[in-house]
Amino acid sequence: MATNGGNGTRALGPRCVALVGPFQSGKTTLLEAILARTGAIARQGTIEAGNTVADASKEARHHRMSVELTVATTNFMGDSYTFLDCPGSVEFVHDMRAVLPAIDAAVVVCEMDEKKIPQLQLILRELEDRKIPHILFVNKIDKADAAVRDVLNLLQPASRTKLILRQIPTFSGDIISGFVDLALERAFVYKEYAPSQVVPLEGDAADLEKTARFSMLETLADHDDELMEQLLEDIQPPRDKVFDDLTRELRDGLVCPVLMGTAARANGVLRLLKALRHESPGVAETAKRLGVKQGGDPVGYVLKTLHTTHGGKMSVVRMLAGQAGDGVTFLTGDDEAGRVAGAFKVLGQSNEKRGPAAVGETVAFAKLEKAKTGDTLTAGKQPHSPLAKVAPYPPVLAIAITAKERKDDVKLGQALTKLVEEDPSITIVHNPETHEVVLWGQGEMHLRVATERLSDHYGVAIERRTPSVGYRETIRKSITQRGRHKKQSGGHGQYGDVVLEIKPLPRGSGFTFQERITGGVVPRNYIPSVEEGVIDALKHGPLGFPVVDLGVALIDGSYHTVDSSDMAFRTAGRIGIIEGLPQCQPVLLEPIHLVEIVCPNEATAKINALMSSRRGQILGFDTREGWDGWDVVRAKMPEAEIGDLIVEVRSATAGAGTFTFKFDHMAELTGRTADQIVAARRAAE
Ligand SMILES: Nc1nc2c(ncn2[C@@H]2O[C@H](COP(=O)(O)OP(=O)(O)OP(=O)(O)O)[C@@H](O)[C@H]2O)c(=O)[nH]1
Ligand SMILES: [Mg+2]
């Protein structure tokens, strides 16, 4: 570790820093400001002009939001920094979660907006759980008012880690025109697209600074007895000591510093970069946190997988030990991940071929055919134990898709494989019953972007539908039914004759078949064919759905020595069911799931009402364990109502609520809803 002019111990080596934060807080704009400030780009682009380095995909530009991770490497004061601009939308949160294990620090971009506090809380929890040092950057200060003085009171409830205000705003009239850095004890005025200018600290600002600085020091002193004594004895602590404490307590996760600025004008960006440079940890600490040893085989972690149009598959990898480049063969788990065919420096969508990546660097490796996001790679003989496991959240919304043109079926299959490789929070399920390909994802926008990508990026136009609900039908009455198949047309005839006893069985029994033939009225060898015919007919009951929970017994019948055949008895069995079931009072069955919704507790009443309005049977609610201010609501709910539930859950909870569900039982459904379902099924057929 080198020291830097007394400003604490500065970490060495290339850094990897994620920009995270609630939806639309200004992360992509901040990246733009950082890249402009550090000279990676000549001019700062804007979201509105559609010319930012991040969000360069057609989908991101179109929706004016980040829909995937953007990687950008730049240099600041002689060190290499890779910034990872993460999407803020909860629907794309997996791209953020997947990078967290291997980063040195995160900048949490947020706003002075009460409505975004629950989302901020979710993000801070992820960082706290993974012990990632993080700095809050309160953005859009250009729009803030005097309430900004109260920023800690607004933000602290979202953080379990103690927040520590590092800067206070200064005003000219009602407008925030600059800030005082409480550690440096220096006042600055903002300059548009240029470093802030130092001005004398005087007047009101000087008084406010004293108070704010004291409370910053008090927080630091919670973890430093010496500082505590100095404060009690009214001794001014040396500036170096303050910086040392800020650095240590940030790295140890004891505090979370709060800075502020206006990304759109690059205000406050230089101070943020300096805080990262001097105070945030580097790869040595990160490797230690992950248990990666230095001096042995090269080790890397896959942050993201991309399928680029020209370069093919690219794996964005943070090197945590050793160096690796072109020609290196990596292992992942017990398998070979592939051989690197080119190492690239990444700046948004542009790649620049480069030499081997040193420890700490974040680069894209081409053609690691078997590497997946989240994999731990090693260039040694033995696989490295996985550094982290980031399972995507269970999906909450589904659409059924088909290629618009049949000829694209194979292409669609290949594209889906790549889509899931790029975004593991998408799941593909083939429904054998309906032959649907069902795409499961994290929300409406997530699925929309996935389908846009299929057509724009992979060239497969698709059609989308609401996926079918797994309805079934059953019967409520027993009958005995004859099924006869007799055909006498010229030469060889067909003859099969069966008597079936059909009776309802308890819910969940499925289907049973018995034979109670006496005296060989139906010869043994034909009985399996009768059963086949019955099973075949049960695939499509009188209401149009598979029939379950019934027992069928073959009790009587007759045969013909010449005309009887397997085929004829199969048909007889089918006829028996087709003619019998309508008389058995068929009834629709719908799947009911056990749903668990988690939400901030101010939304619990709304969630309860929402569940009831969707035919949900509320089982109760509890406080969510380990989550202050959150509840979990449990209910039983028909599958049909879960379809787009997430949309309303999110709107009732400022985007923070979500749910999981699992199949519970099948329940009878009668009345108007049932009639509509049956009519729709008929129409579809
Ligand atoms: N007034 C003001 N607007 C800003 C500032 N930074 C960003 N914006 C605007 O806020 C909106 C969102 O900015 P983005 O940079 O896309 O925010 P983001 O956090 O990357 O958004 P997602 O990635 O979709 O979560 C855009 O309209 C920006 O122009 C700022 O400092 N001041
Ligand atoms: Mg963004």
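Basis for what follows: all heavy atoms, side chains included, without hydrogens, waters or symmetry-related copies. Just so you know, ligand 1 is whichever comes first in the structure, and atom 1 is the first atom listed for that ligand.
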Review point. Within a radius of less than 6.0 Å around CD1 of Ile428, do more than 12 heavy atoms belonging to other residues, nucleotides or ligands occur?
Key: yes
**Study point:** Lys274, Arg15, Arg166 screened by salt bridge (Lys or Arg N to Asp or Glu O under 4.0 Å) with Glu279, the one that passes
**Key:** Arg166
Exercise for review: Just jot down the ligand 1 atoms closer than 4.0 angstrom to any heavy atom of Thr262, in number order.
Suggested key: 30 (C), 31 (O), 32 (N)
Check your understanding: Is there a donor in the side chain of Ser66 and an acceptor in the side chain of Thr28, or the other way round, less than 3.5 Å apart?
Key -> yes
Review point. Between the side chain of Thr262 and the main-chain N/O of Ala264, is any donor-acceptor distance below 3.5 Å?
Key: no
Check your understanding: Between the main-chain N or O of Asp207 and the side-chain N or O of Thr211, is there a donor-acceptor pair closer than 3.5 Å?
Key -> yes
Review point. Aromatic ring centroids of His278 and Phe243 under 6.0 Å?
Key: no
Review point. Any idea which protein heavy atom is nearest atom 17 (O) of ligand 1, and the distance to it?
Key: Gly26 N, 2.9 Å
Review point. Does an N or O anywhere in Gly261 fall below 3.5 Å from an N or O of ligand 1?
Key: no
**Study point:** Atoms in ligand 1 with a heavy atom of Phe23 nearer than 4.0 Å
**Key:** 24 (O), 25 (O)
Practice item. If the plane angle is over 60° it's perpendicular, under 30° parallel, otherwise tilted; pick one for Phe179 and Phe188. Key: parallel
Revision key, fill the gap. min-distance protein heavy atom vs atom 1 (N) of ligand 1 -> Asp142 OD2, 2.9 Å
Review point. With a 4.0 Å cut-off on heavy atoms, does Gly21 reach ligand 1?
Key: no
Check your understanding: Hey, which atoms in ligand 1 end up nearer than 4.0 Å to a heavy atom of Lys143?
Key -> 1 (N)
Review point. Which protein N, O or S atoms does the Mg ion (ligand 2) have within a distance shorter than 2.8 Å?
Key: Thr28 OG1, Ser66 OG
Point to revise | atom 4 (C) of ligand 1 - nearest protein heavy atom and its distance | key: Lys140 CE, 3.7 Å
Review point. Quick one: are Val647 and Val649 in side-chain contact, heavy atoms under 4.5 Å?
Key: no
Exercise for review: Please state whether Ile47 comes within less than 4.0 angstrom of ligand 1, counting heavy atoms only.
Suggested key: yes
Review point. Where do His307 and Glu421 land on the side-chain hydrogen bond (donor to acceptor under 3.5 Å, both in side chains) test, with the steps shown first?
Key: CA-CA 9 Å; His307 286 277; Glu421 248 190 305; 3.1 Å; yes
Review point. What is the ring orientation for Phe659 with Phe661, classed by angle as parallel under 30°, tilted 30 to 60°, or perpendicular over 60°?
Key: tilted
Review point. Hey, does Asn139 sit under 4.0 Å from ligand 1 if you only count heavy atoms?
Key: yes
Check your understanding: Any donor and acceptor pair, going by atom type alone, linking the side chain of Ser25 with main-chain N or O of Pro22 inside 3.5 Å?
Key -> yes
Point to revise | Expected output: side-chain Glu128 to main-chain Thr161 donor-acceptor under 3.5 Å | key: yes
**Study point:** Per-residue contact class, Lys27 against ligand 1 - non-hydrogen pairs under 4.0 Å
**Key:** both
Practice item. Could you check atom 15 (O) of ligand 1 against the protein and tell me its nearest heavy-atom contact, residue, atom and distance included? Key: Thr29 OG1, 2.5 Å
Practice item. With heavy atoms of Met65 as the reference, note each atom of ligand 1 found under 4.0 Å away. Key: 24 (O)
Check your understanding: Is there any N or O on Ser25 that sits under 3.5 Å from an N or O of ligand 1?
Key -> yes
Check your understanding: For atom 23 (O) of ligand 1, what is the nearest protein heavy atom, given as residue, atom name and distance?
Key -> Ser66 OG, 2.8 Å
Review point. Crowded around Asp174 CG? As in, over 12 foreign heavy atoms under 6.0 Å?
Key: no
Practice item. Under 4.0 Å from a heavy atom of Gly88: give me the atoms of ligand 1 that qualify, with their elements. Key: 22 (P), 23 (O), 25 (O)
Practice item. Please write down residue, atom name and distance for the protein heavy atom closest to atom 29 (O) of ligand 1. Key: Glu48 OE1, 2.9 Å
Practice item. Identify the protein heavy atom lying closest to atom 25 (O) of ligand 1, giving its residue, its atom name and the separation to 0.1 Å. Key: Gln24 N, 2.8 Å
Check your understanding: Taking it one step at a time, do Asp423 and His446 satisfy side-chain hydrogen bond (donor to acceptor under 3.5 Å, both in side chains)?
Key -> CA-CA 10 Å; Asp423 183 355; His446 188 219; 2.6 Å; yes
Exercise for review: Give the C-alpha distance, both sets of side-chain angles, the deciding distance and a yes or no for side-chain contact (heavy atoms from CB on, under 4.5 Å) between Thr658 and Ile597.
Suggested key: CA-CA 6 Å; Thr658 187; Ile597 304 192; over 6 Å; no
